[in-house]
There are 2 protein chains.
Amino acid sequence: MEKSLEDVIHNLMEEMFIIQNKSNEFMKILTHDENLSENLVLLLLRLKLYRHMKITEISEAFMLTPGAATNMCDKLEKLDYVERIRIKDDRRVVRVSLTKKGEERVEAIFSKFSKEKIESISSMFMEINKLFKKNEY
Amino acid sequence: MEKSLEDVIHNLMEEMFIIQNKSNEFMKILTHDENLSENLVLLLLRLKLYRHMKITEISEAFMLTPGAATNMCDKLEKLDYVERIRIKDDRRVVRVSLTKKGEERVEAIFSKFSKEKIESISSMFMEINKLFKKNEY
DNA sequence: GAATTTATTTTAATTACTAAAATATATAAA
DNA sequence: TTTATATATTTTAGTAATTAAAATAAATTC
């Protein structure tokens, strides 16, 4: 039986909002008790993962203007969680990376999960990404 | 071979950010060319799906204070996309719902996707939610 | 070496958000 | 009933996040 356009849109939204709720729930656990905004926590994690990022990369990852990215880094720099290094090959570029204190903060953020929990969430995310790869919008 | 805690955290973040990127990409397509913030678009869609929402429900869905939810509704009301109705059983509660113009706007938002595209994205989202159900954080 | 491009920062203004007080209705207890 | 307490939303005033555009500075091109 053929579904109407109305129905398929309805289905899409239904599934989309379940995902949004689940995603909010996860972010709430991850950033819970952290006195940092969600984006600042995510920036710390990205810096942990990628080792260093340019301001433009940060602004793209968070869909913000470079000015806003500079501002986020200022805040984390004030807390001594990140440092800026002008790269010698091209001194226009800043390389933002975690300090020792920043690394420790990232560890603390994940300490609310057991290793087993992290592994199971991680493999679920992997499955999700397999689906993304198969389906491209 | 046993993976270190460092490694499993690394894996989790890696997969998490791919999901975040994909999600950003989708939201960009969805809200592209719309002169409304991402959250205002998502609120229109939620109202389309649920028919009506209370202010407290909106604030929970978007993880905002009730004051912020009131403000979002004010903006959409000014555009004549939503209306507020005090429910008669309990006049403290407002029921926010789409106007005819709001319904049309939601249709317009989805007109950037073909029916087939919507169906395929929808079934991918369904698969993702099956994974969520199996895995609970 | 002058003009153009690229990367980041700064500035000023706007927008989004929060916390807390105010308003209004509902419920419960005396 | 009155009074107190609880619930739902709105208002207010202040703060935080964000943008657009100008400023700075280094790199590239012509």
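This one's a predicted model, so the numbers in the text were calculated from it and none came from an experiment. Residue numbers start from 1 in every chain, and the chains themselves are labelled A, B, ... in the order their sequence lines are given, proteins ahead of strands.
- Distance B/E77 CD to D/dT10 P: 8 Å, rounded to the nearest Å.
- Proximity of the aromatic rings of A/F26 and A/F125 is defined here by a centroid distance below 6.0 angstrom, and this criterion is met.
- Rounded to whole Å, the distance from CD on A/E38 to P on C/dA16 is 17 Å.
- Using a 3.5 Å distance cut-off with no hydrogens or angles, the side chains of A/N129 and B/K22 do not pair a donor with an acceptor.
- Taking the ring-ring contact (aromatic ring centres under 6.0 Å, His included) definition, one finds that B/F110 meets it with nothing, sequence neighbours left out.
- Going from atom CE of A/M53 over to atom C1' of C/dA7 covers 15 Å, rounded to whole Å.
- Contact annotation for B/R95: no contact, since no heavy-atom pair falls under 4.0 Å across all strands.
- Applying the side-chain hydrogen bond (donor to acceptor under 3.5 Å, both in side chains) test to pairs two or more places apart or on separate chains, those with a residue in residues 114-125 of chain B are A/E2-B/K115.
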Provide a list of protein-nucleic acid N or O atom pairs under 3.5 angstrom, restricted to nucleotides 15-19 of chain D.
unit_1: D/dA17; atom_1: OP2; unit_2: A/K75; atom_2: NZ; d: 2.6
unit_1: D/dT19; atom_1: OP2; unit_2: A/T65; atom_2: N; d: 2.9
unit_1: D/dT19; atom_1: OP2; unit_2: A/T65; atom_2: OG1; d: 3.0

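- Ranking D/dT7, D/dT9, C/dT9 by closeness to the B/V93 side chain, first place goes to D/dT9.
- Counted within 6.0 Å of CD on B/E6, heavy atoms from surrounding residues, nucleotides or ligands total 12 or fewer; the atom is thus considered open.
- Going from atom CD1 of A/I58 over to atom P of C/dT8 covers 9 Å, rounded to whole Å.
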